[in-house]
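Taking it in order: structure first as structure tokens, then the write-up.
Along the sequence shown, the residues carry numbers beginning at 1.
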Amino acid sequence: MINLIAVDTLDSNYILDKVKQDYKKGVKQLIIVPDRVVLAYEMMVLEKLNIQGSFDIEVVSFFTLADRVLGKNATTMLNTQTEIMIIRKIIEDNRRNLKYYREASNYIGFANEVMNLLALIRTNGVSLD
């Protein structure tokens, strides 16, 4: 089994604790973070686990992951529309877990609004706290 974790902030002690627990169990983990924090997040993971390196944990950006999967054409294929499609798929897969927006998630523009909200959160540096 592989854990796929998407992170949009450096303030993620809960996620790092989960990574540590799963690392001890031998679970392979792929952590997706924004381009600007890949190195910082790698350092945080190594520090949290108190290790020098691991083949079981990989920290990548969406573009790096897309480049590996799609090859040379990845940068032209991963655009805003692709991001919206990915968000839409995540929403569809987790619709039953939505407490407040279950009905709204059925509307076509909902994924776009979620993407815009995430962009605002990132831009304004809002933390999990």
Side-chain angles (χ1 to χ4, degrees):
M1 172 164 73
I2 296 176
N3 277 352
L4 175 64
I5 303 166
V7 178
D8 67 350
T9 178
L10 285 175
D11 184 23
S12 54
N13 287 324
Y14 168 78
I15 292 169
L16 291 173
D17 289 339
K18 177 73 171 140
V19 168
K20 187 174 185 177
Q21 288 173 354
D22 290 344
Y23 175 74
K24 289 179 180 178
K25 295 176 187 174
V27 176
K28 293 187 181 284
Q29 300 175 79
L30 179 63
I31 305 169
I32 303 172
V33 298
D35 286 328
R36 66 186 183 282
V37 297
V38 172
L39 181 59
Y41 213 86
E42 285 176 342
M43 300 292 285
M44 287 174 54
V45 168
L46 294 174
E47 186 176 307
K48 180 74 173 185
L49 273 58
N50 198 25
I51 57 174
Q52 297 294 317
S54 173
F55 289 107
D56 292 335
I57 301 172
E58 189 169 1
V59 179
V60 298
S61 69
F62 269 115
F63 291 109
T64 303
L65 181 61
D67 189 45
R68 289 184 190 166
V69 174
L70 303 173
K72 301 278 185 200
N73 297 324
T75 55
T76 58
M77 295 180 80
L78 191 59
N79 57 23
T80 304
Q81 293 301 319
T82 307
E83 291 173 6
I84 291 171
M85 289 185 341
I86 292 169
I87 290 172
R88 181 74 182 156
K89 175 70 171 137
I90 292 169
I91 291 168
E92 286 176 8
D93 290 348
N94 293 285
R95 184 169 284 129
R96 68 182 181 285
N97 298 324
L98 294 176
K99 187 173 182 177
Y100 298 107
Y101 294 101
R102 188 174 299 146
E103 294 299 323
S105 68
N106 292 320
Y107 293 102
I108 294 172
F110 185 74
N112 189 38
E113 290 301 318
V114 170
M115 190 183 83
N116 291 337
L117 180 63
L118 291 173
L120 276 172
I121 289 171
R122 270 182 270 167
T123 301
N124 292 301
V126 176
S127 70
L128 292 176
D129 296 333

If I take atom CZ from residue Arg102 and atom CG from residue Asn97, how far apart are they, to the nearest 0.5 angstrom?
8.0 Å
Between Met43 and Val45, is there shared hydrophobic-cluster membership here, with clusters defined by ILVMFWY side-chain heavy atoms closer than 4.5 Å?
no
Do Tyr101 and Ile87 belong to the same hydrophobic cluster, where Ile, Leu, Val, Met, Phe, Trp and Tyr are linked whenever their side-chain heavy atoms lie under 4.5 Å apart, directly or via other members?
yes
Measure the spacing between CD of Glu113 and CG of Leu117 and express it to the nearest 0.5 Å.
8.5 Å
Under the side-chain hydrogen bond (donor to acceptor under 3.5 Å, both in side chains) rule, collect the residues that match up with Asn106, sequence neighbours excluded.
Arg95
To the closest 0.5 Å, what do you measure between CG (Leu120) and CE (Met115)?
10.5 Å
Look up atom CD1 in Ile86 and atom CZ in Arg88, then write down how far apart they are to the nearest 0.5 Å.
14.5 Å
Return the NZ to CG distance between Lys24 and Asp56, rounded to the nearest 0.5 Å.
14.5 Å
When rounded to the nearest 0.5 angstrom, what distance separates CD in Gln21 from CG in Leu49?
11.0 Å
By side-chain hydrogen bond (donor to acceptor under 3.5 Å, both in side chains), Asp17 pairs with (sequence neighbours left out) Lys48
Co-membership, hydrophobic cluster, residues Tyr100 and Leu118, 4.5 Å side-chain
yes
Hydrophobic cluster membership, with links at side-chain heavy-atom distances under 4.5 Å among I/L/V/M/F/W/Y: are Val114 and Met85 in one?
no
Quick one: side-chain hydrogen bond (donor to acceptor under 3.5 Å, both in side chains) partners of Asp93, sequence neighbours excluded?
Lys89
Within the distance-only criterion (no hydrogens, no angle test), does the side chain of Gln29 pair as donor or acceptor with the backbone N or O of Val19 below 3.5 angstrom?
yes
Side chain to side chain, Glu42 and Val38, heavy atoms closer than 4.5 Å:
yes
Please give me the minimum heavy-atom distance between Ser61 and Pro34, naming the atom from each residue.
CB-C, 4.4 Å
Determine the minimum heavy-atom distance between Ser54 and Tyr23, stating which atoms define it.
OG-CE1, 3.3 Å
Specify the closest pair of heavy atoms between Ile91 and Leu98, including all atoms of both residues, with the distance to one decimal.
CG2-CD1, 4.4 Å
With side chain to side chain contact (heavy atoms under 4.5 Å, CB included) as the test, pick out the partner of Tyr41 among Val33, Val60, Leu46.
Val33
